[in-house]
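Here is the structure we will look at, set down as structure tokens.
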Protein chains: 2
Amino acid sequence: MPEKAGRAPTQRDVAAAAGVSTATVSYILSGRRDRVTPVTPETRERVLRAVEQLGYRLDHSGRSLRRRRTELVCVVYRMPDNPWVERLAEQVQTIGARSGYSMIALPLPSRPPAEPVPRPSPLRVLRERYVDGAIVANGTLIEPAELRRLAAGGLSLVVFHDALAPAGFDVVDLVQRSALTDLVGHLLDRGHTRIGYLAHDVELAAPDDEVQSLKYRTVAAALAAAGAPLDPRLVVPGADVRERAYVETQRLLRIENPPTALISSSDRGAIDAIWAARDLGASVPGDLAIAGIGNGTEGSAIRPALTTVGLPRLDFTVPVTRLFERITAPGELPGDRIPQPWQLIVREST
Amino acid sequence: MPEKAGRAPTQRDVAAAAGVSTATVSYILSGRRDRVTPVTPETRERVLRAVEQLGYRLDHSGRSLRRRRTELVCVVYRMPDNPWVERLAEQVQTIGARSGYSMIALPLPSRPPAEPVPRPSPLRVLRERYVDGAIVANGTLIEPAELRRLAAGGLSLVVFHDALAPAGFDVVDLVQRSALTDLVGHLLDRGHTRIGYLAHDVELAAPDDEVQSLKYRTVAAALAAAGAPLDPRLVVPGADVRERAYVETQRLLRIENPPTALISSSDRGAIDAIWAARDLGASVPGDLAIAGIGNGTEGSAIRPALTTVGLPRLDFTVPVTRLFERITAPGELPGDRIPQPWQLIVREST
DNA sequence: CTGAAAGCGCTTACAG
DNA sequence: CTGAAAGCGCTTACAG
């Protein structure tokens, strides 16, 4: 069935085999203009047979060059992915399919590129018009200036970011700060004064980084504002790795004057902390109140159900739809801020 | 700096601005032929200035069409990803960069497509020559016939699969069966006769599926062959979801005549099972031996360290290098089988 | 050392 | 209802 090795068959070959012009082949394969100038069923049949026989496959390079769009969009995120990103990808796939778009993913390294910068940069996919648009999840290490350049160059862009001004692209603002502040307030209201923090490594390594240490900084600021500043001895690493979260929590519980509440920079870390506490015979939230950050899928399935902050529902219809509006529009949309606020979700663990 | 809205600048615009021909622009930007016919430093300088000034960005459609390759490869996997796939992606990125290739990911839905099949299919990226090659991780639901068609159509392909013959593409055979059989033998040697199985949902839903239920089928077959067939009451779901693994393990331990050993279809499930057992006061491996499958990164970090089966090292240099050989070669490589056998890794939990 | 020109595979206004 | 032809942005053998 498939063509012989060598040059892959083109529409010219199909046209020749079916005895029609390439225009006819193109109309039939792309499904356009059918109503205006219908092709006779026999012609169509003949062409489709030739396609089958030659093993013809459309080559998008030609189409993209001519149509000036690739009909591909990209979900950009920082490895590893998470349920959040997967849900986003699914929705991009579903909503994009309606306008004939396919989705690819661009997983970016979790660490800033080493020197010398690798050639080609992974960002080539965005820079050289391989895709018509992209959704950038929060946490990637792409520079704001790069994003502005990409948008100026014609890429349709929707960016999840908490501290960035729209500039030719839309910014989905998770408004994490107020929810995190609410969480701190909630714990203080419950009477806690010794509050610990289970951190991601990067937060301890670069506590001043506005983006990477946003959670840590916000929690620390809220506590300080309430007159109960974070005790450095109650700040421990481990939110990244399950077993370390477990060990560090047990260590915290054994120090003199241990915390009565613990905020974990990840839901995962919080769940491990719950187990760590229980294994030591401590009750949650009685002896130790524990809260996560992120509102992952596991938090509501465990006992005690996890108090956390995050998006109440993983529904990205608005930003995803916006991306395709941008792609469809002549390119004249300004940049909007799309608020998608995190919320405090109080369950049983605090 | 960037061009005004409207048509994006092309090499023609750059050439006009710099007062040279498009050929010169192209040579400078692509870096080819420089040694054969060097461009004078001034010309180069002038062109690069024009590029900067116009905000010119290469458009890969034109290049791909002309060069007959996209310089893009794709890692195809089934959502969600896992450390295994991430490692593979990293290595594709690193090794590909040496030949000027960028990597994208194509995450496929975890369930077979609903009827009617969505248009466009996510496989369009592979079918319509968006990429020059792809590595397909194991577990995707792509039909073998589809893989053969893609290879016949000229796509360079390396497929991780345990039950597939090479056919214009290479097959990385994980040889999972013998390692799984070894695991069963190991437990039997230790004197276990009541062995339980913590399954992925799909294994219970489609136990006859050669690909999706390979682990379950192999374990069951090995036990049956040893004269100790799997007791259906000892087969429980939960390997997919942490909390369910925990609950189901505790349930298993409370039944009359409980298992003395448990094989989990995932490392993650096994780790949760360890915690579940310990929370009930059962010792591991004393009261319950527990083994995982997959050799993820967490298994060696916990106590007791997890016995598991999987790849001893996450080194995919051979298959990844092979992919780029395929891409580079005139296209005349046959299909090879690349064995990359799983092994039994005995640690402390059994 | 540089430029004019052909052509990669497709789409699409236009003429018939 | 169908075909001839131009052209999308780039690369590259070839002529100068």
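Proteins come first, then strands; the chains are lettered A, B, ... in the order of their sequence lines, and each starts at number 1. Scope of the values below: all heavy atoms of this structure, side chains included, with no hydrogens, waters or symmetry mates.
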Between [N] and [X], is there an OP1 or OP2 to side-chain N/O distance shorter than 4.0 Å?
X: R68(B); N: dG9(C); answer: yes
X: S26(A); N: dG3(D); answer: no
X: S61(A); N: dC10(C); answer: no
X: S21(A); N: dG3(D); answer: yes
X: R63(B); N: dG9(D); answer: no
X: T22(A); N: dT12(C); answer: no

What closest approach, in Å, do [X] and [Y] show between heavy atoms, and which atom pair accounts for it?
X: M103(B); Y: A89(B); result: SD-O, 3.4 Å
X: A15(A); Y: T22(A); result: CB-N, 3.7 Å
X: R46(A); Y: G19(A); result: NH1-O, 4.3 Å
X: Y101(A); Y: V73(A); result: CD2-CG1, 3.8 Å

Selection from [options] that lies nearest to any side-chain heavy atom of [X]:
X: R67(B); options: dA6(D), dT11(D), dC10(D); result: dT11(D)
X: Q11(B); options: dG9(C), dC10(D), dT11(C); result: dC10(D)
X: R66(A); options: dG3(C), dT11(D), dT11(C); result: dT11(C)
X: A23(B); options: dT12(D), dT11(C), dC10(D); result: dT12(D)

Exercise for review: Tell which nucleotide pairs with dA13(C), taking only Watson-Crick or G-U wobble pairs whose two distances are both under 3.5 angstrom.
Suggested key: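 With both distances under 3.5 Å required, dA13(C) matches none.
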Please give, in whole Å, the distance from [N] [atom2] to [X] [atom1]?
X: I28(B); N: dG9(D); atom1: CD1; atom2: P; value: 20 Å
X: R69(B); N: dG9(C); atom1: CZ; atom2: P; value: 14 Å
X: E71(A); N: dC8(D); atom1: CD; atom2: C1'; value: 14 Å
X: Y27(B); N: dC1(C); atom1: OH; atom2: P; value: 14 Å
X: E42(B); N: dT2(C); atom1: CD; atom2: C1'; value: 14 Å

Practice item. Look at E90(B) together with R87(B) and state whether they make a salt bridge at an N to O cut-off of under 4.0 Å. Key: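 A salt bridge links E90(B) with R87(B).
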Practice item. Would you indicate what T43(B) reaches in the nucleic acid, counting non-hydrogen atoms under 4.0 angstrom: base, sugar-phosphate, or nothing? Key: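 Result for T43(B) = sugar-phosphate.
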**Study point:** Inter-nucleotide C1' distance (dT12(D), dG16(D)), Å rounded
**Key:**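 Straight-line distance between the two C1' atoms is 16 Å.
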